[in-house]
There are 4 protein chains.
Amino acid sequence: MAPRTPPDSTRRRERSRVAILTATRELITEVGYARLTIEAIAARAGVGKQTIYRWWSSKGAVVFDSLLALSESPDGGGIALPDTGDVEADLKAVMRATAAEFSDPAFEAPIRALNTEIINDPDLAAAYREKMDKPMRAAKAERLRSAQRAGQLAADADVDLIIDVLYAPFTQRWLLRSGPLDDEFVDALVDTVLRAFRPDRG
Amino acid sequence: MAPRTPPDSTRRRERSRVAILTATRELITEVGYARLTIEAIAARAGVGKQTIYRWWSSKGAVVFDSLLALSESPDGGGIALPDTGDVEADLKAVMRATAAEFSDPAFEAPIRALNTEIINDPDLAAAYREKMDKPMRAAKAERLRSAQRAGQLAADADVDLIIDVLYAPFTQRWLLRSGPLDDEFVDALVDTVLRAFRPDRG
Amino acid sequence: MAPRTPPDSTRRRERSRVAILTATRELITEVGYARLTIEAIAARAGVGKQTIYRWWSSKGAVVFDSLLALSESPDGGGIALPDTGDVEADLKAVMRATAAEFSDPAFEAPIRALNTEIINDPDLAAAYREKMDKPMRAAKAERLRSAQRAGQLAADADVDLIIDVLYAPFTQRWLLRSGPLDDEFVDALVDTVLRAFRPDRG
Amino acid sequence: MAPRTPPDSTRRRERSRVAILTATRELITEVGYARLTIEAIAARAGVGKQTIYRWWSSKGAVVFDSLLALSESPDGGGIALPDTGDVEADLKAVMRATAAEFSDPAFEAPIRALNTEIINDPDLAAAYREKMDKPMRAAKAERLRSAQRAGQLAADADVDLIIDVLYAPFTQRWLLRSGPLDDEFVDALVDTVLRAFRPDRG
DNA sequence: GCCTAAGCGAGACGGTACGTCAGGTCTTGCA
DNA sequence: TGCAAGACCTGACGTACCGTCTCGCTTAGGC
């Protein structure tokens, strides 16, 4: 889960914190999550093991924080999906871009690591939903609500459900490697959703 | 992945094989996947560690086989979804039943364990798709094709896509604990799919 | 051979060191050298196996050190043979005492263990000569030189040779169990030596 | 110790017996006694492990037999030391030759192995004395008795004691590597013995 | 000359111990 | 006095061998 309450956070050495998170990210990509060890992180970061245990409660917590640092936009602002007015085109474009990202080996290892932790640790799962999923979901929801206002989606459609139906099959296929995340698949998902939630032909 | 190529499987002691798989299943439910060790399995099964390493290549492979043994129907026959003629009712019933199963603590730990392994081990993932996912998918596909013949689903609908859209959000919600698998959610998924793939109106 | 070059011996826990050596001595007498295991030593000493491997390079090295601790005189001083002025009587008395020691089961097992290791490990043999044999030999040599000064042994006799001729048959008979270490045997050895190295008659 | 009582020695396969003893000798020279394993012997000899356990009771017994085969003179006859009439010269020559043999690496490993076993196994020690030491000792004794008859050694000298005093320091120096088995050392031993046991100057 | 029980090769098996790796805690000494 | 360094106890790893136990297959001996 997320960081322990620190004993006295004013004394915390920022330099060490950053070194630990950086080392963690590097090691995940290099050796994979299964072979990631606290000792290796400490060694790479030039830090005593105790310093890690002092601030994080588990390996999963360190991994989570290290990836959180990655996902947070540096300027502190929120994220937004493109909005050209054409929801179909926008969704397809965004999902194709995401598919491309997922093919990047540098992303693959960390994301699988994160999922491994989240599946088995409810606290971490909660932290994930709050810190990582919520902002992403908010951005997607915003774009969908815009589509509703534009009459491209039924006004009473459950936006969260749409996001689930759109992204869960996508993520699952990638995690289980049950098929390619190609354009055909992405398009089929978007088409399905648009058909299911098209506005009434009042 | 699944079993190593055995040195000479005719000499294999069936009694040990079963004891190992049983012990594995018991231990997963008792201590959880993360704390499952080969040593504990061997001890519980009354077996030398080498006997495990001789026939399985990794902890994941043992876990996989132990769950495979569970999922296989004892009579060797295939599985089939109920078919009352009403696809909506049937799908909702089946998914509600699955939701109930997933709430059973005896299932929860093993299935999470399995997913943890599969995400990180491509070979295991392939074995999973072949041995566990494929038969389930076939049963679901059969029911959906029956619905197509009955004119309840578009004849040209991609059955695999339907299954993905139906089950991926369901599984993901359970894995990430992002919400309850209640009737409302299940019904919403089925409704979405039926709307998206309803047959053309003449 | 004897201790590894220690990583940083100032950090070493003296309590563990002593516990290991004590446990080793106890176990040798209890189960014999052949059945002595590092795991048992660690368990008996209440110590991690790694702590043994960190400071000793082999089972033989531990055994050696454990016996070395025994043989070292607690006051740190040297050893000396009795000197009554009668070399024949003194040598016979000392060797009879040694014979008695060798019959003590508490000495038997460790000394056989030590010899087993030394025969097969040149490094250990060197350590043995330096740390255990040399001090004993010095004491014996001193007594013999005293006899030379007293005119009881030839002044030009090779003291080292005398020690070999005196003790090697004694040790060999005990190791190979080819006969009893009785007074008769001891006396015969001393007599032989005194005859071979008696001073020239004017 | 020596062979078990065989279940039915007529059925015994001579080919396997020889292969086992040969493999044992080879492996001792190659990897040393400590790393010699029954499994390796069986593999090298192309023999099932059971065949070894059927005929020998311990690793030591196999090693012993394999070396016994070496030491036995092929013609079944006894051994004899040279007798030129000059006991001093003969003894020095024989011991120098033995010293040379002991320097041969092909002899070194097996002899050390044998000693290792004998020190710790009383049964094996008895077998050693009976089968290997006794014949050698008989030959030496014979030569010494000849010297007594020739008036070169005291008639009442204890021949066994002479052999001990002559050979024990020699063997010990080699086993413990406490010095070279050079001519000087050998000559000193022989001189010592001849001085100690010279006939009375009637 | 066939039959049959043994010895045999092979190697799986339940175990024990190996030597190593990492976990999480505790201690030391430098900065 | 906070932290790097790392020793420590613990426990699991995956491997090597142990000695026992089937398996089929020769293979010699008694019929």
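The analysis underlying the following values was restricted to heavy atoms, covering all of them including side chains, and did not include hydrogens, waters or symmetry mates. Just so it is clear, the model here is predicted, and its values are computed rather than measured.
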(message) As an exercise, state the distance from CZ of C:Phe107 to CD1 of C:Ile28, rounded to the nearest 0.5 Å.
(response) 12.5 Å
(message) Rounded to whole Å, how long is the line connecting atom CD of C:Glu14 with atom P of F:dA7?
(response) 16 Å
(request) Ignoring backbone atoms, test whether B:Arg11 places a side-chain nitrogen or oxygen under 4.0 Å from the OP1 or OP2 oxygen of E:dA10. (result) no
(message) Assess the residue pair C:Arg25 and C:Glu30 against the criterion (side chain to side chain contact (heavy atoms under 4.5 Å, CB included)); give the C-alpha distance rounded to whole Å, side-chain angles, the decisive distance to 0.1 Å, and a yes or no.
(response) CA-CA 9 Å; C:Arg25 252 176 286 124; C:Glu30 286 172 28; over 6 Å; no
(request) Grab the CD1-P distance between D:Ile52 and E:dA10 for me, whole Å please. (result) 12 Å
(request) Mind calculating the distance between CD1 (A:Ile41) and P (E:dA22) to the nearest angstrom? (result) 12 Å
(message) Closest-nucleotide mapping onto DNA chain F: is A:Gly48 or C:Val47 further toward the 5' terminus? I mean the 5' end.
(response) A:Gly48
(request) Specify the separation, in whole Å, of atom OH of D:Tyr53 and atom P of F:dC17. (result) 12 Å
(request) Figure out the CD1/P separation between A:Ile38 and E:dT25, and round it to whole Å. (result) 11 Å
(message) Which nucleotide wins on minimum distance to the side chain of D:Arg54, given the candidates E:dT20, F:dC18, E:dG7?
(response) E:dG7
(request) Mind running side chain to side chain contact (heavy atoms under 4.5 Å, CB included) on B:Ile41 and B:Thr37 for me, showing each step along the way? (result) CA-CA 6 Å; B:Ile41 296 173; B:Thr37 67; over 6 Å; no
(request) Scan side-chain atoms only and decide if D:Asn120 and C:Thr116 contain a donor-acceptor pair under the 3.5 Å cut-off. (result) yes
(request) List in numerical order all residues of residues 15-26 of chain C for which some heavy atom is under 4.0 Å away from an atom belonging to DNA chain E. (result) none
(request) Compare side-chain N and O positions of C:Trp56 against OP1 and OP2 of E:dG19 and report whether any pair is under 4.0 Å apart. (result) no
(request) Between D:Lys49 and C:Leu36, name the one whose nearest nucleotide on DNA chain E is closer to the 5' end. (result) D:Lys49
(request) Compute both the distance and the angle, then confirm whether B:Arg12 meets the cation-pi test with B:Trp56: under 6.0 Å from the six-membered ring centre, within 45 degrees of the axis. (result) yes
(message) Please confirm whether the shortest side-chain N or O distance from B:Thr51 to OP1 or OP2 of E:dG14 is below 4.0 Å.
(response) yes
(message) Check this for me: does any side-chain nitrogen of one of A:Lys59 and A:Glu39 sit under 4.0 Å from a carboxylate oxygen of the other?
(response) no
(request) In whole angstrom, give the distance that lies between atom CD of A:Glu39 and atom C1' of E:dT20. (result) 12 Å
(message) So, does B:Trp55 get its side chain near the phosphate of E:dA12, meaning an N or O under 4.0 Å from OP1 or OP2?
(response) no
(message) Quick check on D:Arg15: does its CZ atom have over 12 non-hydrogen neighbours (other residues, nucleotides or ligands) under 6.0 Å away?
(response) no
(message) Using heavy-atom distances to pick each residue's nearest nucleotide on DNA chain F, tell me which of B:Lys59 and A:Gly46 is more 5'.
(response) A:Gly46
(request) Quickly work out the A:Gln50 CD to E:dT27 C1' distance and round it to whole Å. (result) 10 Å
(request) Nearest whole angstrom, please: distance from the P of E:dC18 to the CZ of D:Arg35. (result) 15 Å
